[in-house]
Colleague: 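Before I ask anything, here is the structure I am working with.
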Amino acid sequence: MRHTRLVIAAGVGTLLLTGCAQGAQEGTGAGGSAVREVVTEADIVLPVSAYFLTPEQQALVDTAHSTLASDCMKRFGFDWPVTKAEPVNAVSRRYGVVSEKVAAEHGYHMIPSAQGDEHARGAASGRAKLPPEAYMVYGAKGAKGGAGGDYRGKDIPEGGCIGEAGRKLGLDKVQNPAKGKIGLLSIDFSSYGQAQKMPEFIKVQDAWVSCMKKAGYQHTGFLQPAEKYALLGDSASPQEKTVAKADVKCKKDVKLATVLLRLETQIQNDYIEQNAAGFAEIKKDQDAVIKSANEALAN
């Protein structure tokens, strides 16, 4: 169970999963931006990705948050178990399926996670044995919130033990919408729509539509096949895999994903440059949270 998220990536429908920074990109794109050709889902890395936690960093923060909350609970006499988070590496479906291997094996269905979290299940089981009062202390609004102000003569922290843990890590600062920093990260969502309105992308999508038509499929938008098949059944049917393979081939032939990535990269780079101070603050606060998480786990 995840206890907190430092930043929440905006999603596009059910198909967009933003990735985290994965290293430098290759090639030259619009506005001098470096963009690699999209061959697999791992190639879809955007500038704003650098301002989201990597899976490893997020797991570190989540584990530290759980540890600090557990320490707080011990002050009230509760043995609240710690959940050790594991990195979750989601496959991007921002541009639908782009990998031939994924299309052939999974169609438009998400790849099943091979990561089991026995520790998390054990922690959940341990919490189930605790009395109801423990949950009040863990997540209560506390004295300042006017609910559950104390337990056995001890003041409950504002927001309960999870609130205290978040403040120790600095999450209350980075998650404050009033500071406008989370709003800056909305470019991860808006660049997606902006890029699709640009003449260069419209031309490429028209070419994809023509390619799919030659293959025997009638679609007017590159995400339509995924929208049709992604939620049908627990796994991809042979027909779905056939459509997905044709879809991927047409995307590669017209370079649809590569063009879309280049346009989004240009939009995001321009936006980040125009809001340099705000993004520098995001990175500064993010680094502070990671430092606090490391210190919490070292104690």
Side-chain angles (χ1 to χ4, degrees), residues 2-12 16-25 29-36 42-69 85-90 92 94 158-159 162-195 260-298:
R2 292 271 165 149
H3 292 270
T4 184
R5 306 300 298 183
L6 178 56
V7 288
I8 304 298
V12 178
L16 167 58
L17 292 175
T18 57
C20 295
Q22 299 174 14
Q25 296 176 318
S33 303
V35 177
R36 65 164 57 129
D43 296 320
I44 303 171
V45 183
L46 288 156
V48 78
S49 299
Y51 299 91
F52 292 97
L53 293 181
T54 66
E56 292 73 22
Q57 290 171 333
Q58 185 66 65
L60 171 75
V61 172
D62 287 345
T63 301
H65 191 260
S66 178
T67 300
L68 290 172
E86 298 294 336
V88 177
N89 293 289
S92 174
R94 192 177 186 95
E158 183 181 3
I162 55 172
E164 178 182 282
R167 286 188 295 278
K168 285 185 175 181
L169 289 173
L171 295 178
D172 56 323
K173 180 179 179 182
V174 300
Q175 292 177 335
N176 182 3
K179 297 196 71 174
K181 291 182 293 185
I182 291 178
L184 287 177
L185 294 168
S186 67
I187 187 62
D188 189 51
F189 175 87
S190 61
S191 67
Y192 185 80
Q194 291 176 43
L260 189 50
L261 177 63
R262 176 163 54 80
L263 295 175
E264 279 207 85
T265 297
Q266 177 185 355
I267 293 167
Q268 289 194 7
N269 274 337
D270 289 346
Y271 182 82
I272 291 170
E273 183 178 352
Q274 293 163 10
N275 297 276
F279 278 96
E281 192 175 359
I282 290 174
K283 180 58 71 175
K284 178 182 177 182
D285 288 343
Q286 184 187 79
D287 290 344
V289 168
I290 293 169
K291 179 181 178 182
S292 297
N294 277 312
E295 291 174 349
L297 294 177

Colleague: Examine distances only and state if a side-chain atom of Glu56 and a backbone atom of Pro87 form a donor-acceptor pair shorter than 3.5 Å.
Modeller: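 Absent.
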Colleague: Does a side-chain heavy-atom distance below 4.5 Å link Ile44 with Glu264?
Modeller: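 Not in contact.
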Colleague: Under 4.5 Å between any side-chain heavy atoms of Tyr51 and Ile272, yes or no?
Modeller: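 Yes, side chains in contact.
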Colleague: Could you pull out the closest heavy-atom pair between Val61 and Leu169, with the gap in Å?
Modeller: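 Residues Val61 and Leu169, closest heavy atoms: O-CD1, 4.0 Å.
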Colleague: How about Gln194 and Leu263: do any of their side-chain heavy atoms sit closer than 4.5 Å?
Modeller: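 No, every pair of side-chain atoms sits at 4.5 Å or beyond.
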Colleague: If you count heavy atoms of other groups shown closer than 6.0 angstrom to NZ of Lys291, is the number above 12?
Modeller: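 No - once you tally the heavy atoms of other residues, nucleotides and ligands closer than 6.0 Å, there are 12 at most.
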Colleague: Report yes or no: does Ser66 contribute a side-chain atom to a donor-acceptor pair with the main-chain N or O of Asp62 at less than 3.5 Å?
Modeller: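 No; judged by distance alone, with no hydrogens or angles, the pair does not exist.
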Colleague: Determine the minimum heavy-atom distance between Phe279 and Leu185, stating which atoms define it.
Modeller: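 Nearest heavy atoms, Phe279 then Leu185: CE2-CD2, 4.2 Å.
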Colleague: Do Leu184 and Glu281 have side-chain heavy atoms sitting under 4.5 Å apart?
Modeller: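 Heavy-atom side-chain distance check fails, nothing below 4.5 Å.
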Colleague: Is there a donor-acceptor pair under 3.5 Å between the side chain of His65 and the backbone N or O of Ala165?
Modeller: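 Side chain of His65 to backbone of Ala165, a donor-acceptor pair under 3.5 Å: no, none is there.
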Colleague: Just wondering, more than 12 heavy atoms not from Glu273 lying within 6.0 Å of its CD?
Modeller: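 For Glu273, atom CD is not crowded (no more than 12 foreign heavy atoms under 6.0 Å).
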Colleague: How long is the gap from CG on Asp287 to CD1 on Ile282, to the nearest 0.5 Å?
Modeller: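 Result: 12.0 Å between the selected atoms.
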Colleague: Flag the pair Leu68 / Glu164 as yes when at least one side-chain heavy-atom distance between them is below 4.5 Å, and no otherwise.
Modeller: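 A side-chain contact is absent here, since even the closest heavy-atom pair is not under 4.5 Å.
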Colleague: Closer than 3.5 angstrom, by distance alone: can the side chain of Gln268 be matched with the main-chain N or O of Val48 as a donor-acceptor pair?
Modeller: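 Looks like yes, one N/O pair under 3.5 Å.
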Colleague: Indicate the atoms forming the closest heavy-atom contact of Ala195 with Leu260, along with that distance.
Modeller: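 Looks like CB-CD1, 3.6 Å.
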Colleague: Of all the heavy-atom pairs spanning Ala85 and Thr63, show the shortest one and how long it is.
Modeller: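 What the structure gives for the nearest pair is N-OG1, 2.9 Å.
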Colleague: What is the minimum heavy-atom distance between Ile290 and Gln57, and which atoms define it?
Modeller: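 Ile290 and Gln57 have their closest heavy atoms at CD1-NE2, 3.3 Å.
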Colleague: Taking the side chain as every heavy atom from C-beta outward, state whether Ser190 and Ile187 have any atom pair closer than 4.5 Å.
Modeller: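 Yes, their side chains come closer than 4.5 Å.
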Colleague: When rounded to the nearest 0.5 angstrom, what is the spacing between CZ in Phe52 and CG in Leu46?
Modeller: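 Answer rounded to 0.5 Å: 10.0 Å.
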